[in-house]
Amino acid sequence: MTKNLMVFYGVAAKYGLTEQEYIDKQKESDSNFKLTQEENDFFKQNMVKIKIPKEHIFVLGDNWERSVDSRHFGPVPLKNIQGKVLGARGY
């Protein structure tokens, strides 16, 4: 059975903002603001569909620009998981 995971992590965000939100925020201080080519490329990236094998998970960092995650090294076998995050402080 195929399951699709629809989450906000499937869309590139910068400082927690979508492309249009980021542009709008930047234009508040510079009405002539335009995305750089690097920023444009970042927002245009798209995650390809992958099949995650049984007994594996897909890990994804919350900051695409700096994260090294399953996009780079693939799904992680469950047997390699040593713990889990129960909550985060400061959010």
Side-chain angles (χ1 to χ4, degrees):
M1 176 168 74
T2 301
K3 296 180 183 178
N4 291 322
L5 181 60
M6 302 299 291
V7 296
F8 71 92
Y9 287 111
V11 177
K14 187 169 184 130
Y15 306 119
L17 305 172
T18 65
E19 179 179 9
Q20 191 58 54
E21 291 169 338
Y22 178 74
I23 292 169
D24 293 344
K25 184 74 172 168
Q26 296 302 316
K27 284 189 173 186
E28 288 176 9
S29 58
D30 177 3
S31 61
N32 295 318
F33 174 80
K34 301 271 189 222
L35 289 177
T36 65
Q37 186 61 50
E38 182 180 356
E39 290 169 325
N40 189 52
D41 291 346
F42 172 76
F43 280 113
K44 298 300 182 235
Q45 67 183 319
N46 195 359
M47 291 180 58
V48 298
K49 289 183 179 182
I50 68 161
K51 184 172 179 124
I52 302 170
K54 286 186 179 189
E55 302 297 319
H56 285 69
I57 62 169
F58 186 89
V59 295
L60 185 61
D62 64 353
N63 185 330
W64 284 19
E65 290 181 293
R66 298 186 322 179
S67 295
V68 177
D69 48 38
S70 287
R71 293 172 299 146
H72 303 95
F73 52 74
V76 177
L78 287 174
K79 68 181 182 180
N80 292 357
I81 305 300
Q82 297 181 8
K84 65 180 176 178
V85 176
L86 298 176
R89 299 182 125 198
Y91 293 100

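The analysis underlying the following values was restricted to heavy atoms, covering all of them including side chains, and did not include hydrogens, waters or symmetry mates.
- Atom CZ of F73 has more than 12 heavy atoms from other residues, nucleotides or ligands within 6.0 Å.
- Minimum interatomic distance between E21 and L17 (heavy atoms only, all atoms of both residues): OE1-CA, 3.5 Å.
- Note: I23 CD1 to K14 NZ = 11.5 Å, rounded to the nearest 0.5 Å.
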| E39 and E19: CA distance, side-chain angles, deciding distance, side chain to side chain contact (heavy atoms under 4.5 Å, CB included) verdict | CA-CA 9 Å; E39 290 169 325; E19 179 179 9; over 6 Å; no
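- No donor-acceptor pair under 3.5 Å is formed between the side chain of H72 and the backbone N or O of S70.
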| task | Carefully, step by step, assess N40 and Q37 under the rule side chain to side chain contact (heavy atoms under 4.5 Å, CB included). | result | CA-CA 5 Å; N40 189 52; Q37 186 61 50; 3.9 Å; yes
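- Taking the ring-ring contact (aromatic ring centres under 6.0 Å, His included) definition, one finds that F43 meets it with Y22, sequence neighbours left out.
- Applying side chain to side chain donor-acceptor pair (under 3.5 Å) to D24 and the options K27, Q20, Q26 leaves one that passes, Q20.
- The distance from the CG atom of L35 to the NZ atom of K44 is 7.5 Å, given to the nearest 0.5 Å.
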| Verdict with supporting geometry, L78 and I57, side chain to side chain contact (heavy atoms under 4.5 Å, CB included) | CA-CA 7 Å; L78 287 174; I57 62 169; 3.3 Å; yes
| query | Going through the distances and angles, do L60 and S67 end up as a side chain to side chain contact (heavy atoms under 4.5 Å, CB included)? | reply | CA-CA 8 Å; L60 185 61; S67 295; over 6 Å; no
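- Atom CD1 of I81 is separated from atom NE2 of H56 by 10.0 Å, given to the nearest 0.5 angstrom.
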